[in-house]
Amino acid sequence: MIHFGILGAGDIAHAMAGTLSHMDEAEAYAIASRNLEKAERYQKQYGIKQAYGSYEELMCDPLVDVIYIATPHAFHFEQAWQCLSHGKHVLCEKAFTVNALQAKQLIALAKEKGLFLGEAMWTRFMPLVKKMKSLLEEQIIGEPVCMTANLNFPMMQKERLIRPELAGGALLDVGIYPLTMASLVMGNDIKEIQCAAVLTEQGMDMQGQYTLIYPDGKMADLNAGMRAFSDGNAVIYGTKGQMLIEGTNCPRGIQVHDSSWNLILNIRAEDVADYTSEKPLTGYEYEVRACVRAIENGDTEFQEMPLSLTLQMMRLMDEIRRQMGVRYPFE
């Protein structure tokens, strides 16, 4: 049994605590918030053994094996650094850090300490995504030559996405998902990046368009923003047909059409779910299981998403921000 400590008590902490409460191989052993009463509410709701009113107390608990960082990404670097310095394995929510330099420094520290460090990019661990990749390898739509992916939510009221000092903007919060889907489908050998954006008065990206061009002439056209809703889907266009992925960030289904637009395959997430639990949980269980496997095997990173890939994605987002003209005041 791996004991998880949850650092932060926001919305995503609810999802992780609820997931861990139904798992056999891991448990939510402790939770920390700067507000002890808030941590105690989580403790009561999810049957967590320990509640702390400071992050330091969580890091010092000798029974905590791995700390899941569930705070906004502006705080990930400092908090992950502190957790690693206290000898704790770390599973850190996306975006891993706010730039590649921070990511590189964390990776170096984890390597020095011999500790597990991983980015909780849940999309990469989902069984339906693995099924998507196998179908593409089988060339069910021929050779993929271009794709689109988008993710937009109306979030202009969220302070953390507006304020530059909190590394605001749509890119790190939702833009990372279309970029991840492109990475899964097209790979990571990118020849050219072309970006456009609409910025807030504070200089943060509220709408962004990212076009990735690959050496073999393939292209990914990606869109992310925080002003409106979009369908949040991805479409992959191949030489023999096309594939619709329902849900860029949390895939719910795959539809495959041939070149005559005949539906030849329709797969739902539940059709390929991992039923090692009594029932499918929240989608977070897959990254948790991967984290547990890595720690039990003595690995210091995910096999499914090595730290070199996390660093590559951070460098990609650095370049996109450079082209958009988005810079955080602390950089």
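Judged by distance alone, the side chains of T19 and T282 do bring a donor and an acceptor atom under 3.5 Å apart. Remark: the E57 side chain and the S54 side chain contain an N/O donor-acceptor pair separated by less than 3.5 Å. Counted by atom type alone, N150 and S230 present one or more donor-acceptor pairs between their side chains at under 3.5 Å. In this model, no donor atom of one side chain and acceptor atom of the other lie less than 3.5 Å apart for Y210 and Q194. No side-chain donor from either of D221 and T148 sits under 3.5 Å from a side-chain acceptor of the other. Residues Q209 and N223 bring a donor and an acceptor atom of their side chains to less than 3.5 Å of each other. N99 and E331 share a donor-acceptor pair across their side chains, judged by distance under 3.5 Å alone. Between the side chains of Q139 and E143, no donor-acceptor pair of N or O atoms lies under 3.5 Å. Inspection of the H3 and E27 side chains reveals an N or O donor paired with an N or O acceptor under 3.5 Å.
Between the side chain of N152 and the main chain of G225, a donor-acceptor pair closer than 3.5 Å is present. Under a 3.5 Å cut-off, the side chain of E285 and the backbone N or O of G283 do form a donor-acceptor pair. At distances below 3.5 Å, not a single donor-acceptor pair connects side-chain atoms of H76 with backbone N or O atoms of C92. The main-chain N or O of E56 is never found under 3.5 Å from a side-chain atom of Q82 such that the two would form a donor-acceptor pair. With hydrogens and angles ignored, the 3.5 Å screen pairs a side-chain donor or acceptor of N233 with a backbone N or O of G247. No donor-acceptor pair closer than 3.5 Å links the side chain of Q207 to the backbone N or O of A197. Checking side-chain atoms of H14 against main-chain N and O of G10 turns up no donor-acceptor pair under 3.5 Å. No donor-acceptor distance shorter than 3.5 angstrom exists from the side chain of T310 to the backbone of E119, with no hydrogens or angles considered. Checked by atom type and distance alone, the side chain of N297 never pairs as donor or acceptor with a backbone atom of D299 at under 3.5 Å.
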Does the pair D173 and R160 meet the rule for a salt bridge (charged side-chain N to carboxylate O under 4.0 Å, His left out), with working shown? CA-CA 10 Å; D173 195 70; R160 66 180 179 83; 2.8 Å; yes

Should L106 and W81 be marked as a side-chain contact (heavy atoms from CB on, under 4.5 Å) after you check the CA-CA gap, both sets of side-chain angles, and the distance that decides it? CA-CA 6 Å; L106 282 183; W81 186 278; 3.9 Å; yes

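With respect to the salt-bridge test (charged N to carboxylate O, under 4.0 angstrom), the residues E246 and R268 qualify. Of the charged side-chain nitrogens involved, none lies within less than 4.0 Å of a carboxylate oxygen, so that R293 and E296 do not count as a salt-bridged pair. A salt bridge does not link R315 to D318: none of the charged nitrogens lies less than 4.0 Å from a carboxylate oxygen. Using a cut-off of 4.0 Å between Lys/Arg side-chain N and Asp/Glu carboxylate O, D65 and K88 are scored as not salt-bridged.
Residue-environment remark: CD (E201) stays at or below the threshold of 12 foreign heavy atoms within 6.0 Å. Counted within 6.0 Å of CD on E37, heavy atoms from surrounding residues, nucleotides or ligands total 12 or fewer; the atom is thus considered open. The neighbour count for E78 CD, taken as heavy atoms of other residues, nucleotides or ligands under 6.0 Å away, does not exceed 12.
In this structure, W261 and H257 have parallel ring planes: the angle between them is below the 30° cut-off, well short of the 60° mark. Ring pair Y328/F330 is parallel by interplanar angle, where below 30° counts as parallel and above 60° as perpendicular. Under the 30°/60° scheme for interplanar angles, the aromatic rings of F116 and H89 are found to stand perpendicular.
In summary, the aromatic rings of F302 and F125 are positioned with their centroids under 6.0 Å apart.
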